[in-house]
Amino acid sequence: MTHWQHPHFHAYFPGGNSYPSMLGELLTAGLGSISFTWIASPVMTELETVMIDWVGRMMDLPKELLPYTEGGTGGGVIQGSSSECTLVCMFAARTKTITALKETHPGEDDCILLSKLVAYFSEEAHSSVEKAANISFVKRRILPTDDKFSLRGETLREAVEKDIASGMVPFFVCATMGTTGSAAVDNIEEIGQVCAEKDLWLHVDGAYAGNALICPEYRYLLKGFQNVMSFNYNPIKWMHVGLDCSVMWVRNKYYLVDALSINRIYYMEDEQEKHLLDYRNWTVPLSRRFRSLKLWCVIRTYGVEGLQEYIRSHVALAKMLESWVRADDRFEVVGTVEFGLVCFRLKGENNLTEFLLQRINQSGKAHMVPASLKGKYVIRFTPANWYYSEEFTKKTWDIITDFAEVVLRKHREATQRFQKLLAKYKDHARARHESASGGDVFEEEEDHSWNGVLRKLGYRTKLSDSCGAPARRQSSLEEVPEDSTLDDVQQNEAGSSSYRIKRALRSESSFRSLSLYGDESTRPVKQPSETLFS
Ligand code: PLP
């Protein structure tokens, strides 16, 4: 079992949980009711609308997105996941655009019109956005981000204008507020201007960082929201609510209902206004859980201030870890720490950080996942639960630095061994080639290339496992005895059976101690065992 509520679980984003949320789930299970139309369960529908209004006002969202705005077309719904929010919004935008195209191109086949549609999002957008484009069967442009991993308006404009010039129909943009890789925020103000000019549906995926909007100091993130057509965030990430719950708002509920409503007599939908509150027409599934009840329990228990405090405490702890990383010149921070996520790495080649993460995860003392930010391999750290504290953060830093010390020492030793082998190889090669070429067998740049020299020495630089699939790890000179002859080195290719056995033992130890909840990981951190590296 991987315990997401373990104090040293720092992977992905937090998976929310709390006693009030559990109570809400218990009551929901006990009531055993199902909502899909207003008439099937008026209380479930109405509480959902009230919660959407509460949270929307807690975040100070534009009133055009809120359900009770007089004369407005806005409103919201609670979906099961952020992925569903993006999908239904993209689907509504697709229906809206195809309906409009049919007016200007009467008689044109839907499939031809569909083949023209293009959706836009950044290289840092979550995989669920690309999945939504796959399901919606639309073309997509995955756009580059700036040096802060943020999508900018000009990049979008260029791509959109290029597509329009070639007869395509841009229709949808997904901007991210808090990317999964580094919690970067796309420039919603600039993107919104382009969307307004070109009549594109702008959806904002705020799955994680959207939670921060309940704190007034993060309201600057709402810049440009006047052009946002839909927005969602996951209270299950950072607001004490257990899975599943993703709150979504739309500027015009009629577009959603037009795209998703299919009527049958047994739904008893004949009054227009009630029909609009039949949430089955806002979602993919028909039958729906009473998710608003746990949200109600959580908000009533903690209050807005309690929830703000929770978010601020994680931001403070992340910034604390950031300051330690910055103060240690072996490490660097990548990206900006604006929320509760720190992306850091060991300076130097990516595989140092990759080895470091492997060691940490295999020890079971903590669990983190990587990200690749413009080719830099980073470790993502996030405080992930309700009782994560300064003391735990200190322990996390000890775990990181203890393993870093070992990785760097191993690296130094391997480099020294490498230098010796290189010298040995050069002598050997020089003797062999002297008469033939009269020069050095190494090109200037190869002298400094780890992979180049390993290849010369007969190592495969990307290992293959026994089935020939590429392995995740590069060969290491750690396994080469210092006094080996060149012939030994060449035979000691890392695909040998002894190497494979070592690898199997390593992966078996993975997460073993993380499963010992509150035991192994809360003990004082010891120097990592040398056996991890054998
Ligand atoms: N969007 C972002 C930015 C995310 O980080 C994630 C998941 O972490 C998702 C979407 C997908 O969320 P869900 O599991 O609710 O579909």
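The figures here come from the full heavy-atom set of this structure, side chains too, leaving out hydrogens, waters and symmetry mates. If you read the sequence from its start, that first residue is 1, and numbering goes on from there. Counting starts at 1 for both ligands and their atoms, following the listed order.
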Location of contacts on [X] toward ligand 1, heavy atoms closer than 4.0 Å:
X   : result
E84 : neither
S81 : both
F13 : side chain
S83 : both

Relative to the heavy atoms of [X], which atoms of ligand 1 are at a distance of less than 4.0 Å?
X    : result
N234 : 12 (O), 15 (O)
G178 : 3 (C)
T180 : 2 (C), 3 (C), 4 (C), 5 (O)
S128 : 10 (C)

Check: If you measure from the Lys or Arg side-chain nitrogens to the Asp or Glu carboxylate oxygens, is any gap between E154 and R157 under 4.0 Å?
Finding: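 Answer for the salt bridge query: yes.
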
Margin query: Quick test of your reading of the model: are K198 and D163 salt-bridged, counting only N-O distances below 4.0 Å?
Written below: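 Between D163 and K198 there is no salt bridge, as every charged N stays at least 4.0 Å from the carboxylate O atoms.
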
Considering only the protein, which heavy-atom contact is closest to [atom], and what is its distance?
atom                    : answer
atom 1 (N) of ligand 1  : D205 OD2, 2.6 Å
atom 11 (C) of ligand 1 : H126 CE1, 3.3 Å
atom 12 (O) of ligand 1 : S82 CB, 3.4 Å

Please determine whether the number of non-hydrogen atoms from other residues, nucleotides or ligands lying under 6.0 Å from atom [atom1] of [X] exceeds 12.
X    : atom1 : value
E390 : CD    : no
K347 : NZ    : yes
E391 : CD    : no

Taking only distance into account, with no hydrogens and no angle test, what donor-acceptor pairs under 3.5 Å do side-chain atoms of residues 293-304 form with protein atoms, sequence neighbours excluded?
from	atom 1	to	atom 2	distance (Å)
K294	NZ	E25	OE2	2.7
K294	NZ	G242	O	3.1
K294	NZ	L243	O	3.3
K294	NZ	D244	O	2.9
T301	OG1	C297	O	2.5

Next item on the list: Check whether NZ of the Lys or CZ of the Arg K237 lies under 6.0 Å from the centre of the six-membered ring of F13 and within 45 degrees of that ring's axis.
Entry: no

Margin query: Looking only at distances, can you tell me whether any N or O atom of T179, backbone or side chain, sits closer than 3.5 Å to an N or O atom of ligand 1?
Written below: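 Between T179 and ligand 1 (N or O atoms, distance only) the closest approach is not under 3.5 Å.
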
Check: Is the centre of the W386 ring less than 6.0 Å from the centre of the Y19 ring?
Finding: yes

